[in-house]
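Before any comments, here is the structure.
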Amino acid sequence: MMIIGCDFHPSWQQVCWLDTETGETGEQKLVQAAGDAERFYRQVPAPALIGMEATGNCHWLVDLLSELGHELWVGDAAQIRASYVRPQKTDKRDAAHILKLLVEGRFPRIWMPSAEVRDLRQLLLHRYKLVILRARVKNELQHLCLNQGVQRQHKLWSRAGQQVLRELPLKPWAARRREDLLRLMAMLDQQIEPLDQAVKAEAQRDKMALLLQTQPGVGPITALAYVLTMGEVSRFPRGKQVASYLGLIPREHSSGGRQKLGAITKQGNRMMRMLLVEAAQAAVRYDPEFRKEYRHRCHRKPKAVAKVAAARKLAIRLYWMLRTHKPYPEIVRIESSPRVPLVGAS
């Protein structure tokens with residue numbers, strides 16, 4: 001069996017391999033544009049074990065290795081680097097170090113989504129990017145109104161507000177800017193609407209997404225995004241690890257018995273954090289328990305901190321709903337109880 005350590009880069013990759021049957025080792029630089037990588041992996045006898053750090057722009061390699069019957073392990077890049085003691089860093093050393101971790105059984109493997117899940121993530125990501133663009137366009141139109149002494153806030157997007165916006169007396173180039181922004185906003189609305197419908201249809205077909213929608217404030221977009229982002233929830237032993245995975249816990253630099261906390265880490269999926277904060281604000285309106293805790297926290301902390309705390313609580317509750325397969329409001333009674341056995345626990 002071949003074991004291969006791969007140091008992946010967008011334009012090339014450095015590989016180091018070991019044949020466990022013959023003990024033969026070797027290394028090679030593979031240039032992607034020249035087709036070296038595809039030729040190399042096609043001539044490797046299947047199945048081979050290949051390890052690489054978690055990185056972007058590598059979906060084509062993941063699909064290629066799956067097609068050829070090879071097994072790909074993706075590792076935590078921070079843990080791989082932390083296990084490398086020597087300060088010298090080169091592509092050859094990195095590939096050899098990954099191979100060493102694979103051979104010794106110390107490779108910090110992480111969960112990888114399937115091809116279908118990756119494609120559904122693209123749907124959510126595409127919609128998210130277009131929504132961000134639309135928000136920027138709306139902000140620019142708000143600034144045009146503010147510079148003319150008109151402040152309508154969210155009412156600017158009503159029929160009356162749109163009429164006021166179109167009737168503003170602007171100079172030629174400001175008027176040109178207004179018309180271009182209005183056309184751009186209309187085009188984005190037209191593109192986002194079918195994506196919303198597609199997300200809702202996918203959420204209706206997913207049992208776990210339907211389960212999460214029983215929680216007040218959680219709609220089909222947040223539910224589907226949470227299911228696709230978290231994947232196998234059994235890989236998280238506790239809810240605190242879910243909050244850490246989503247970047248909803250504070251940074252900490254404590255020493256000498258003194259605790260010092262900072263802002264949240266913002267690690268993980270930015271889109272998921274945004275959706276959770278939006279859903280938490282809706283949950284505050286419709287869920288009595290959320291509203292009580294939110295108002296209590298607002299007396300001691302700024303509202304922004306209270307919103308993030310509500311998003312963290314919501315993320316942990318959704319995690320417990322997936323772990324126990326319990327809908328709202330039944331999950332409220334068991335989400336924090338250590339005495340409740342988990343699904344599949346012996």
Side-chain angles (χ1 to χ4, degrees), residues 1-18 25-84 89-129 224-225 227-232 235-236 245-247 266-273:
M1 179 182 180
M2 291 282 288
I3 303 179
I4 302 174
C6 174
D7 184 38
F8 182 86
H9 297 270
S11 56
W12 78 88
Q13 54 185 283
Q14 182 72 32
V15 295
C16 183
W17 67 84
L18 167 67
T25 62
E27 59 183 29
Q28 185 177 350
K29 181 178 180 180
L30 308 175
V31 180
Q32 326 285 26
D36 296 344
E38 183 171 357
R39 286 193 296 269
F40 173 80
Y41 290 115
R42 286 190 181 278
Q43 71 182 11
V44 173
L49 176 60
I50 301 163
M52 60 180 288
E53 293 181 353
T55 183
N57 305 317
C58 64
H59 288 175
W60 67 271
L61 179 61
V62 175
D63 294 336
L64 174 64
L65 296 178
S66 177
E67 176 189 346
L68 297 176
H70 299 311
E71 185 177 4
L72 175 65
W73 287 11
V74 179
D76 188 318
Q79 293 188 37
I80 291 175
R81 186 57 190 166
S83 63
Y84 194 31
K89 182 185 184 304
T90 64
D91 295 336
K92 290 184 178 181
R93 288 183 183 275
D94 289 346
H97 182 60
I98 293 175
L99 175 61
K100 180 181 179 182
L101 294 177
L102 288 170
V103 173
E104 296 178 353
R106 298 188 295 118
F107 188 76
R109 187 182 182 185
I110 62 176
W111 174 82
M112 283 290 291
S114 64
E116 294 75 13
V117 170
R118 294 203 311 268
D119 192 50
L120 284 177
R121 285 183 175 184
Q122 291 299 312
L123 166 63
L124 290 167
L125 181 62
H126 183 45
R127 178 195 173 276
Y128 167 71
K129 295 294 185 181
L224 183 63
V227 171
L228 297 179
T229 300
M230 302 308 297
E232 296 289 341
R235 59 199 176 105
F236 299 101
Y245 180 76
L246 296 172
K266 294 186 178 181
Q267 293 178 323
N269 194 313
R270 179 184 301 178
M271 176 188 69
M272 194 67 250
R273 280 197 306 275

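None of the values given here were measured: they were computed from a predicted structure.
Using modelled atom types, no side-chain atom of Arg81 and backbone atom of Asp76 make a donor-acceptor pair closer than 3.5 Å. In this structure, the side chain of Asp7 does not engage the main chain of Ala95 through any donor-acceptor pair within 3.5 Å. Under a 3.5 Å cut-off, the side chain of Arg235 and the backbone N or O of Ile110 do not form any donor-acceptor pair. In this structure, His70 contributes its side chain and Tyr41 its backbone to a donor-acceptor pair below 3.5 Å.
Note that CG of Leu68 is 7.5 Å distant from CD of Glu38, once rounded to the nearest 0.5 Å. Atom CG of residue Leu30 and atom OG of residue Ser11 lie 11.5 Å apart, to the nearest 0.5 angstrom. Note: Leu18 CG to Met2 CE = 8.0 Å, rounded to the nearest 0.5 Å. To the nearest 0.5 Å, atom CG of residue Leu72 and atom CG of residue Leu65 are 5.5 Å apart. Note: Arg273 CZ to Gln267 CD = 9.0 Å, rounded to the nearest 0.5 Å. In this structure, the separation between CG on Leu120 and CZ on Arg118 is 11.5 Å, given to the nearest 0.5 Å.
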Test side chain to side chain contact (heavy atoms under 4.5 Å, CB included) on Glu67 and Arg42; report intermediate values, then the result. CA-CA 10 Å; Glu67 176 189 346; Arg42 286 190 181 278; 3.9 Å; yes
Given side-chain hydrogen bond (donor to acceptor under 3.5 Å, both in side chains), test Trp12 with Gln14 step by step and report yes or no. CA-CA 7 Å; Trp12 78 88; Gln14 182 72 32; 5.4 Å; no
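The nearest pair of heavy atoms linking Met230 to Phe236 is CE-CE1, 3.4 Å. The shortest non-hydrogen separation linking Trp73 to Glu71 is NE1-OE2, 2.9 Å. In terms of heavy-atom proximity, Ile4 sits nearest to Trp17 at CG1-CB, 3.8 Å. The two residues Ala54 and Val74 come nearest to each other via the heavy atoms CA-CG1, 3.5 Å. Listed here is the closest heavy atom pair of Leu101 and Ser83: CD1-OG, 3.8 Å. Of all heavy-atom pairs between Val117 and Pro113, the closest is CG1-CB, 3.7 Å.
Not a single ring pair (Phe, Tyr, Trp, His ring centres under 6.0 Å) links Phe107 to another residue, sequence neighbours left out. When the salt bridge (charged side-chain N to carboxylate O under 4.0 Å, His left out) test is applied to Arg121, no partner is found at least two apart in sequence or on another chain.
Side-chain atoms of Lys29 and Asp91, non-hydrogen and from C-beta on, never get closer than 4.5 Å to each other. Met271 has its side chain out of reach of Lys129: every pair of non-hydrogen atoms, C-beta onward, lies at least 4.5 Å apart. At a threshold of 4.5 Å between non-hydrogen side-chain atoms, the residues Tyr128 and Met272 do not count as touching.
For Arg109, the CZ atom counts as densely surrounded, since its 6.0 Å shell holds more than 12 non-hydrogen atoms of other residues, nucleotides or ligands.
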